[in-house]
Amino acid sequence: MQQFIQDLVAKNHYQATRLLDMLRAVQFRYRYIPADAIELLAGLLAISRTRIISVIEFYSFFSDTPKGQYDLLISDSITDHMLGKKELMNYLADKLQVAVGSVRGDGLVSLDNTSCTGMCDQGPAGLVNGFALTRLDKSRIDAIAELINRQIPLAEWPAEFFQVDDNIHKSGLLLSQAIAHGDALRAAFNRGLKESLAEIDLSGLRGRGGAGFKTAMKWRFCSEEQESERYVVCNADEGEPGTFKDRVLLNAYAHQVFEGMTLCAALIGSKQGFLYLRGEYLHLYDKLQTVLQQRREAGLLGTGILGQALDFDIEIRLGAGAYICGEESALIESLEGKSGIPRNRPPYPVTQGYLGKPTVVNNVETFVAAAAIAINGGAWFAAVGTEKSKGSKILSICGDCTKPGIYEYPFGTTIQAILSDCGASDVLGVQVGGPSGTFISNREFDRKLAFEDLATGGSFIVFNNSRNILDIVHNFTHFFAHESCGFCTPCRVGTSLLKKQLDKIVDGHGSAGDVVALEELCQLVKTHSHCGLGQTAANPVLTTLERYPELYQSRLKLISYEPGFDLDAALETARRMANRNDAGAHLAQTDASGSLPIASFPPSLAVRSS
Amino acid sequence: MTNTITIDGKAVPFEEGQTIMEAATAAGVYIPHLCHHPDYTPYGSCKLCTVKVNGRVCSACTFPAAEGQDVLNNTKDLNDDRKLITQMLFVEGNHFCPSCEKTGNCQLQAVAYHLNMLDDHFPLFYPHRKVDASHPDVMIDHNRCIFCTLCVRASQQHDGKDVFAISGRGINKHLIVNAESGLLKDTDIEATDRAAHVCPTGAILIKRTGYQVPIGQRIYDHHEIDEVSLLTEQQHGE
Ligand SMILES: Cc1cc2nc3c(=O)[nH]c(=O)nc-3n(C[C@H](O)[C@H](O)[C@H](O)COP(=O)(O)O)c2cc1C
Ligand code: SF4
Ligand code: SF4
Ligand code: FES
Ligand code: FES
């Protein structure tokens, strides 16, 4: 192991910023991060072991105990559930004789759940040793179980198990024509760099990752910082359940993504860029490296790009299973080889980002759009869309529709128009913007896709009338509790409390005050959380409670107080210890509001004498 | 340049680079806090110091003071929310104050008094957490850790060591120590380290000092935390 770690660290130039990549390699080889590896890495990288341990314990794809030789993770996205995930998971566990969340006795296989893997248009999906599996069904599972039990290497598994389709169904401004390699950079140099930034300004382009900040303004702020080093970061974390358009852009329009990044580098004066690729998209890694190499060979990356005074290169860094790393400052922490904990702001990344230097972070689609604008001009882009939302938006549509996949629409398009295109019928509602977005009911389909109405990073999940809204809310609420980074109290504790409180109501244990308590908790988490994750974690409850209050109320019991657990069952251990089972050792669930036979346990603060 | 902000209508001067918390403390205005300590880099995790700056919710301990800020601090709405946040900290761990050596000197408890917290409000989590009593002089009771990182920062920024860190994600967050064995006895902590004394709760205790001051005669048995906090913190931090 010593040699392996030594070589690994040397290959990564002794850079602690590349800790995640090194841990990925260790995990891949040993199926966990052995304690010895931690000690070796700490020594060679001159960082504390606690920093390494905290990274291992933060990211879902690292573990400190051995996983199976075949490590299977099945996506827990709501869309996978709608495609029968639960039954499939049971089938899989049964076939492989392994319990969910554990490793089989012989160490050959482990099985667990994972957050949405971005394959919602071709699920149920999963990962095997980090590589995407699509279109799982019983026959495929039979085959997989067989391959595992016969210990067939992944390289010899049928290619169609790993096949990922683009499913582009509707192209608009951007998708209908990919730019020719180098054209955006040439156009920018011909026009002049200042003038090109002015074109981006004129286009009205706003960030496509969700927040919608004006791109030209971000680039200008960054360029005006008095620093010599600046960084360009492409956010390809794409963790919002139901979003998979960046995956398609990186597969089919990778040159344009990198060209957009290089354009940004030219405009702000940067020498180094990063593509932060979510770990779930490992299958794209080699292909993207090839594209980067092609661009170096074509003089579009490296020193003296297109014969101009522009030196710029791009490095790909992989994530390791953490939704929070899509938040730009958490992403930067992760790029630095740390846990993805969002920073305090100010300072913003444009002033102090990667390694404390001015940094532009943009979504994949934003770079694609910027490259096209450099060629076609700001007016071309601004002619499409609405007053406040210029241009087009690329959606990833999934759920109850006949044609899930990628659709590009001008901003201002109605939800109704989108639903007809994707073959949705008997629609109950749509989740626009993923769990952190808004649930809209079928009375609101005249609403529009736009920052000023329904904003979305790309997620668009359709639900038909056979779906239960509370199941959806349950799935989303559990997602946030699982993905909270845990930094701040309102989100760390609040998302877990939300989960408990919602489950209590959904399971029929709620009483009169419980919906009010749920709403109070939602407001607290929303108002006081440190970052966007916590600030939106209550949206699934809030947006459905607003539209379907009766749904929540109908789950409440008619008594005024009901504990969230079975009182009598809770006494079971005590009965066994006391060796009693007589009537006196049992409790009836009382329905009177006042005198409950349990001691509530306040923290007994009242030790103070005053 | 006047360099003043207003907090609850009162004019408060500030210096360039100061946070709202620093300016407030210097001016004798108490903003409830747990993870803030004037000697260490601001962290901003507990969210007890939440204030409203020109209508926007901000953490006073990390947010820079700037001309034109109208800050709301001691309002009923904010204190109600701060109480709920404190209750979250209580239910998340295991805090049995009457049997805790820190009782009466505990800032978590004192803030709860200050905010008039009378019950837990939320269901208790009863997490399984351990006690590390391996070290001859210092012990950790993880049941009472609120992840404020004050011990982490004090060790790094004052003691010149690196004894503590916070690990894990979300609700599984926990304190770890820098030793291959994972035990406090194998770290280089000493009872005289600032990190061994900075904990606002009873999570880090010095052995053999228990109950030297009888319960009932401790700091917050007789003083409100706002008064104690301003008195001690105005002497630090300049
Ligand atoms: C919890 C959370 C997750 C996020 N995930 C992503 C993501 O996966 N991709 C993305 O581009 N932006 C994501 N964002 C938004 C980023 O913080 C940031 O605003 C964006 O990358 C900026 O790029 P843009 O201006 O091009 O949109 C996320 C934000 C939060 C709070
Ligand atoms: S809101 Fe949640 S995800 Fe964001 S910093 Fe707080 S705990 Fe972490
Ligand atoms: S042990 Fe104490 S000082 Fe350290 S993080 Fe926990 S509560 Fe804070
Ligand atoms: S004191 Fe400001 S967040 Fe803790
Ligand atoms: S009284 Fe013990 S932790 Fe507060």
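- Here the side chain of Thr489(A) pairs a donor or acceptor atom with the backbone of Cys46(B) at under 3.5 angstrom.
- Ranked by heavy-atom pairs under 4.5 Å with chain B, the first of Cys488(A), Ala481(A), Ser529(A) is Cys488(A).
- The SG atom of Cys61(B) lies 7.0 Å from the CG atom of Asn344(A); values are rounded to the nearest 0.5 Å.
- The candidate with the highest count of non-hydrogen atom pairs below 4.5 Å against chain A, out of Leu84(B), Thr50(B), Asp162(B), is Leu84(B).
- Across all non-hydrogen atoms, the minimal contact from Asn178(B) to Ser48(A) is ND2-CB, 3.9 Å.
- By the 4.5 Å heavy-atom criterion applied to side chains, Asp81(B) and Leu524(A) are counted as neighbours.
- Donor-acceptor pairing under 3.5 Å is recorded for the side chains of Arg169(B) and Ser60(A).
- Among Pro346(A), Ala517(A), Ala35(A), the residue with the largest count of heavy-atom pairs under 4.5 Å with chain B is Pro346(A).
- For Arg51(A), no part sits under 4.5 Å from any heavy atom of chain B, backbone or side chain.
- For Ile341(A), the part lying near chain B is the side chain, with the backbone staying farther off; criterion is any non-hydrogen pair under 4.5 Å.
- Going from atom OG1 of Thr527(A) over to atom NZ of Lys47(B) covers 13.0 Å, rounded to the nearest 0.5 Å.
- Geometrically, Lys500(A) engages Phe125(B) in a cation-pi contact, judged by NZ or CZ lying under 6.0 Å from the ring centre and within 45° of the ring axis.
- Neither the backbone nor the side chain of Leu48(B) comes within contact range of chain A, judged by heavy atoms closer than 4.5 Å.
- The aromatic ring centroids of Phe487(A) and Tyr43(B) lie less than 6.0 Å from each other.
- For chain A, the option among Ala179(B), Cys58(B), Pro123(B) with the highest count of heavy-atom pairs below 4.5 Å is Ala179(B).
- The heavy-atom pair separating Met88(B) from Pro490(A) by the smallest distance is SD-CA, 3.9 Å.
- If you tally non-hydrogen atom pairs under 4.5 Å between each of Ser339(A), Ser496(A), Gly494(A) and chain B, the highest count goes to Ser496(A).
- Note that the OG atom of Ser59(B) and the NE2 atom of His528(A) stand 10.0 Å from one another [nearest 0.5 Å].
- To the nearest 0.5 Å, atom CD1 of residue Ile176(B) and atom OG of residue Ser54(A) are 5.5 Å apart.
- The contact between Arg56(B) and chain A is made entirely by side chain atoms (from C-beta outward), counting heavy-atom distances below 4.5 Å.
- Residue Ile324(A): no heavy atom, backbone or side chain, is found under 4.5 Å from chain B.
- Between the CZ atom of Arg492(A) and the CD1 atom of Ile171(B) there is a distance of 6.5 Å, given to the nearest 0.5 Å.
- Ranked by heavy-atom pairs under 4.5 Å with chain B, the first of Glu520(A), Gln501(A), Arg343(A) is Glu520(A).
- For the pair Phe122(B) and Val493(A), the minimum side-chain heavy-atom distance is 4.5 Å or more.
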